[in-house]
There are 2 protein chains.
Amino acid sequence: MSPRNKILNEEIKDARREQILSNALKLFARRGLAATKITDISTASNISQGLLYHYYKSKEEIFVELLHDAYDKMIAAVLALERLPLSPLEKIRMAIEKLLQGFAENKETAYYYLLINQASIFEAIPDEAKEIVKSRSLLHEVITRIIIAGQKDGTFKKYDAQDMAVVFWASLNGLAIYNAVQGENFRAPDANILIGMFTEKSK
Amino acid sequence: MSPRNKILNEEIKDARREQILSNALKLFARRGLAATKITDISTASNISQGLLYHYYKSKEEIFVELLHDAYDKMIAAVLALERLPLSPLEKIRMAIEKLLQGFAENKETAYYYLLINQASIFEAIPDEAKEIVKSRSLLHEVITRIIIAGQKDGTFKKYDAQDMAVVFWASLNGLAIYNAVQGENFRAPDANILIGMFTEKSK
DNA sequence: GTCTATATCCAGATAGAC
DNA sequence: GTCTATCTGGATATAGAC
């Protein structure tokens with residue numbers, strides 16, 4: 001094969017994988033790993049199911065790759081947030097607003113949340129997925145640090161910072177699910193409601 | 001068959017159904033409907049899988065019955081709460097505390113939440129289940145009423161009451177999931193954190 | 001009412017042709 | 001790289017014996 005064609009093939013391959021991943025993400029999110037058939041993914045991607053095995057050796061492998069992506073993106077986003085030259089309160093506000101906005105604008109963010117939820121809740125997922133889920137604690141840690149900073153500078157309430165981080169993530173998680181359920185009807189609630197958990201005065 | 005034996009058989013039958021339901025609830029919650037095999041349920045219930053078909057004609061039927069139970073209990077609880085001779089703030093506080101406490105003490109409450117979540121999120125569930133989920137709006141309505149009352153008496157913040165109800169349910173839902181994931185390690189966060197969303201002063 | 005054995009079906013995975 | 005055809009396994013559901 002000519003080098004020219006080789007490069008072309010690589011591009012096709014990458015494009016296909018992208019295509020498969022994107023379709024699988026939506027299917028996994030809305031049907032669950034177990035209920036999503038390999039033919040569902042291939043059909044949605046307009047390829048035969050035989051071909052799918054050329055790119056991934058099982059649907060579990062696809063699931064794990066997507067889960068990796070999900071965590072990579074979330075952790076990167078949260079770490080970037082932490083480094084911004086903003087006050088703790090502004091960081092929290094930005095996290096909430098960006099996320100709610102993301103839910104409303106593109107479904108992908110919410111789908112990733114649903115994926116992570118499945119991986120967290122369900123026992124019947126690949127061991128590798130279970131491992132990834134454990135890195136969840138990193139997300140908690142970053143938010144906890146921001147909260148502690150906000151308590152130090154006097155803007156945040158003085159409840160246990162770990163507890164506050166737990167409630168923070170649980171709430172956003174719950175909203176991601178609510179968004180997924182509502183679909184097109186989703187309207188992001190006022191971010192100030194959530195911020196009220198952190199600060200004494202809401203304005 | 002003697003009337004005596006007939007009654008006895010009825011009791012056995014009821015006991016069996018209870019047994020099956022209780023085991024299925026846990027399995028559905030932790031594995032999902034699709035990933036739960038009919039033999040998982042029969043094995044957990046110490047009966048042959050053939051016998052299970054004597055009581056239910058499919059696992060979907062079991063799922064739907066459990067979902068019915070879940071909503072019946074939640075709606076009953078919320079309506080009872082609304083009727084209590086308490087201030088809106090006290091009602092909200094009680095709802096949060098009772099629920100967090102329930103999560104920590106018996107798993108059943110949290111399992112029901114997980115079941116409802118599945119039914120809400122996943123497309124691949126029985127039509128009958130989809131119907132039941134629509135009654136979810138009733139839960140929102142009751143809480144919205146309580147919130148409006150709290151705004152009228154001046155104790156609650158004046159954000160859109162619907163939004164506040166959405167965030168309220170989403171947060172509790174997120175905490176239910178968090179509880180399920182944590183299992184034995186779950187420690188209920190301070191209820192005042194959540195209450196801070198509603199009131200200006202936290203004490 | 002309860003079990004074991006069996007039939008049916010469908011999803012996952014492979015093989016081989018183009 | 002892509003498809004169609006096929007094999008295999010496992011889960012659902014039924015039948016029949018006790």
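Labels below follow one simple rule: chain letters A, B, ... track the order of the sequence lines, proteins then strands, and each chain is numbered from 1.
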Side-chain donor-acceptor contact under 3.5 Å, [X] with [Y]:
{"X": "B:Glu61", "Y": "B:Ser58", "answer": "no"}
{"X": "B:Thr43", "Y": "B:Asp40", "answer": "no"}
{"X": "A:Glu90", "Y": "A:Ser87", "answer": "yes"}

So [X] and [Y], would you call those rings parallel, tilted or perpendicular, with 30° and 60° as cut-offs?
{"X": "A:His140", "Y": "B:Tyr178", "answer": "tilted"}
{"X": "A:Tyr113", "Y": "A:Trp169", "answer": "tilted"}
{"X": "B:Phe168", "Y": "B:Phe198", "answer": "perpendicular"}

What integer distance in Å separates [X]:[atom1] from [N]:[atom2]?
{"X": "A:Arg31", "N": "C:dA11", "atom1": "CZ", "atom2": "P", "result": "11 Å"}
{"X": "B:Ile20", "N": "C:dT2", "atom1": "CD1", "atom2": "C1'", "result": "12 Å"}
{"X": "A:Arg16", "N": "D:dC3", "atom1": "CZ", "atom2": "P", "result": "7 Å"}
{"X": "B:Leu52", "N": "C:dG1", "atom1": "CG", "atom2": "P", "result": "13 Å"}
{"X": "A:Lys37", "N": "D:dA11", "atom1": "NZ", "atom2": "P", "result": "16 Å"}
{"X": "A:Asn9", "N": "D:dT2", "atom1": "CG", "atom2": "C1'", "result": "12 Å"}
{"X": "A:Leu33", "N": "C:dA11", "atom1": "CG", "atom2": "P", "result": "15 Å"}

Nearest-0.5 Å distance, NZ of residue B:Lys157 to CG of residue A:Asn192: 8.5 Å
With B:Phe63, the side-chain contact (heavy atoms from CB on, under 4.5 Å) member among B:Thr36, B:Leu33, B:Leu25: B:Leu33
DNA chain C contacts made by residues 53-67 of chain A, counting heavy atoms under 4.0 Å: A:Tyr53, A:Ser58, A:Lys59
Side-chain donor/acceptor of A:Asp163 to backbone N/O of B:Asp190, under 3.5 Å: yes
Flag, side chain of A:Ser45 to backbone of A:Ile41, donor-acceptor distance under 3.5 Å: yes
Atom CD of B:Gln162: over 12 foreign heavy atoms under 6.0 Å: no
Selection: residues 42-49 of chain A, any non-hydrogen atom under 4.0 Å of DNA chain D: A:Ile47, A:Ser48
Stems where DNA chain C pairs, listed by first number, each of three or more Watson-Crick or G-U pairs under 3.5 Å: C:1-11 with D:8-18, C:13-18 with D:1-6
